[in-house]
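For ligands, and for the atoms within them, numbers begin at 1 and follow the listed sequence.
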Amino acid sequence: MTLIESVSLRRVLDSRGNATVEADVLTESGGFGRAAAPSGASTGEYEAIELPPRESIASARQHAVPRLVGEVYAGNQRDVDAALRAADGTDDFSEVGANSAVAISMAASKAAADVLGVPLFQHLGGTFRDATHAFPTPLGNVVGGGEHAKEATHIQEFLSAPVGAPSVSEAVFANAAVHAAVGDVLDERGVAAAKGDEGAWAPPIDDAEAFEVVEEATDRVEDDLGFEVRFGLDVAAAELWDADDEVYRYGDDERTPDEQVDYVEELVTEYDLAYVEDPFDEDAYDSFAELTDRVGDRTLVCGDDLFVTNVERLERGIEEGAANSILIKPNQIGTLTDAFDAVELAHRNGLDAVVSHRSGETEDTTIAHLAVATAAPFIKTGTVGGERTAKLNELIRIAEEAV
Ligand code: PGA
Ligand code: ZN
């Protein structure tokens, strides 16, 4: 019933104005799914390979499409993704490109949901999805710099975390309110700010001042809304790591790995951080383990560039106690099956799995469904901007539908 009848691929625009791959999957019974690949800027060294879209599309048409059309049922996601892996033949999707692979993988899942007549989160989560589980709390990027904006903070993302919000919708609006409050606080300080790739404010201030600004903004919104609003960070420290001198560089300042552990521990304590992503380089399993040991009982220590949604890297992390959560980005690994395998491995070992967008995005809403299907405690998907609100608004709709 869900036998794939056609797969079409095209170049479309992403939020940075770059080309990305969009896939349409049609099944014999008329099911239709469309999905587009996102794209990172602070990409991890161990991520699956994104090829130039034209190249990726040509390769997918030659190698992957013939293995799918008339051969595989869209409803059997593992078969779809196994066909993509077989068509590629490498570990890192460097033949077909993880961009075409993930677009086809996600489009096939949507075509299957369409045939079944169920929402995507239901198809992905299955009949026995834990519907009682609280919905994911959106982490809203409100101030940022790093690779997402020049002349702004060294820490890549300051993330509003409305952990006390009574509903998804109230959490979404709380993050928008924090984003607006940050704008006010910057204005009051006479700081003019542009926005970075994910729509966060990208002010020309140092990290210390950014902490003051975000704390002030979350306090205001917390007082106003009457529920707890904390915040968290994506340090994206692989971008700060100077491998030659073995220090983390913050402009003219530097920190040794031990100093970095102490610094992040102090930040967690001082600001009661709800979430800390990539506080160390992507090879620094030992520093991750040290920090998790110190603060893992009171905050989520999350591996993004560290794990790249890869079960082998996660296995090592679990052995070494390197984190208590993993970031899930399907395009880091290439297929939904691989992403689900990483989620399952994390859950079996008591780690949380947080679902995430990329800095380059489209209107695609797959990750909103993925976060609900996998009962993620948090979803990172920005705060403002059409490609971010597409996911946030979808979450609001899913919450309505899933009650
Ligand atoms: P990226 O950034 O999409 O540019 O990699 C997001 C992140 O680091 O979480
Ligand atoms: Zn990250």
Practice item. Mind running side-chain contact (heavy atoms from CB on, under 4.5 Å) on Leu273 and Leu267 for me, showing each step along the way? Key: CA-CA 7 Å; Leu273 298 179; Leu267 293 175; 4.0 Å; yes
Exercise for review: Please round to the nearest 0.5 Å and tell me the distance separating atom CG of Asn99 and atom CZ of Phe93.
Suggested key: 10.5 Å
**Study point:** ligand 1 versus Asp278: contacting region, heavy-atom distance under 4.0 Å
**Key:** neither
Review point. With a 4.0 Å cut-off on heavy atoms, does Ser42 reach ligand 1?
Key: yes
**Study point:** Ala41, any N or O under 3.5 Å of ligand 1 N or O
**Key:** yes
Check your understanding: Would you call Arg220-Glu188 a salt bridge at under 4.0 Å N-O?
Key -> yes
Exercise for review: Just grab all the salt bridge (charged side-chain N to carboxylate O under 4.0 Å, His left out) pairs involving residues 38-56, residues at least two apart or on different chains.
Suggested key: Glu47-Arg358
Practice item. State whether the shortest distance between N or O atoms of His357 and N or O atoms of ligand 1 falls below 3.5 angstrom. Key: no
Exercise for review: Take every heavy atom of Glu277, measure it against each atom of ligand 1, and state whether any distance is under 4.0 Å.
Suggested key: yes
Point to revise | For atom 6 (C) of ligand 1, the option (of Arg358, Lys329, Glu47) bearing the nearest heavy atom | key: Lys329
Point to revise | Candidate pair Lys380 and Lys329, rule side-chain contact (heavy atoms from CB on, under 4.5 Å), full reasoning | key: CA-CA 10 Å; Lys380 281 180 74 183; Lys329 292 169 166 171; 5.6 Å; no
**Study point:** Element-labelled atoms of ligand 1 that are located less than 4.0 Å from some non-hydrogen atom of Gln156
**Key:** 2 (O), 6 (C), 7 (C), 8 (O)
Study note, to complete from the structure: Looking only at protein heavy atoms, what sits closest to atom 3 (O) of ligand 1 is Ser359 N, 2.8 Å
**Study point:** Distance (rounded to the nearest 0.5 Å) between Leu233 CG and Leu159 CG
**Key:** 7.0 Å
Check your understanding: Just wondering, are more than 12 heavy atoms of other shown residues or ligands nearer than 6.0 Å to CD in Glu259?
Key -> yes
Revision key, fill the gap. Given a cut-off of 2.8 Å, the protein N, O or S atoms lying below it from the Zn ion (ligand 2) are Asp234 OD2, Glu277 OE2, Asp304 OD2
Point to revise | Ligand-residue contact atoms, ligand 1 with Asp304, heavy atoms, under 4.0 Å | key: 7 (C), 8 (O), 9 (O)
Study note, to complete from the structure: Atoms of ligand 1 under 4.0 Å from any heavy atom of Glu157, numbered from 1 in the order shown, are 6 (C), 7 (C), 9 (O)
Practice item. Check whether any side-chain N or O of Asn331 sits under 3.5 Å from a backbone N or O of Ala37 as a donor-acceptor pair, and report yes or no. Key: no
Review point. Which ligand 1 atoms are under 4.0 Å away from a heavy-atom of Asp234?
Key: 7 (C), 8 (O), 9 (O)
Check your understanding: Quick check: does any side chain N or O of Ser109 sit under 3.5 Å from a backbone N or O of Met106, one acting as donor and the other as acceptor?
Key -> yes
Review point. What do we get for Glu147 next to ligand 1 when only non-hydrogen atoms under 4.0 Å count, side chain, backbone, both or neither?
Key: neither
Review point. Should you measure from each heavy atom of Gly40, which atoms of ligand 1 turn up under 4.0 Å away?
Key: 1 (P), 3 (O), 4 (O), 5 (O)
Check your understanding: Under the side-chain hydrogen bond (donor to acceptor under 3.5 Å, both in side chains) criterion, do Thr256 and Asp258 qualify, and how do the steps go?
Key -> CA-CA 5 Å; Thr256 66; Asp258 286 346; 5.5 Å; no
Exercise for review: Test Arg61 against Ser100 for side-chain hydrogen bond (donor to acceptor under 3.5 Å, both in side chains), laying out the working first.
Suggested key: CA-CA 9 Å; Arg61 282 183 183 143; Ser100 284; over 6 Å; no
Exercise for review: For Asp114 and Phe32, indicate whether the former's side chain and the latter's backbone hold a donor-acceptor pair under 3.5 Å.
Suggested key: yes
Exercise for review: Would you mind running through ligand 1 and noting each atom that sits below 4.0 Å from a heavy atom of Glu198?
Suggested key: 6 (C)
Study note, to complete from the structure: If we number the atoms of ligand 1 from 1 as shown, the ones under 4.0 Å from a heavy atom of His148 are 1 (P), 2 (O), 4 (O), 6 (C)
**Study point:** Side-chain heavy atoms of Asp242 within contact of Glu254, under 4.5 Å
**Key:** no
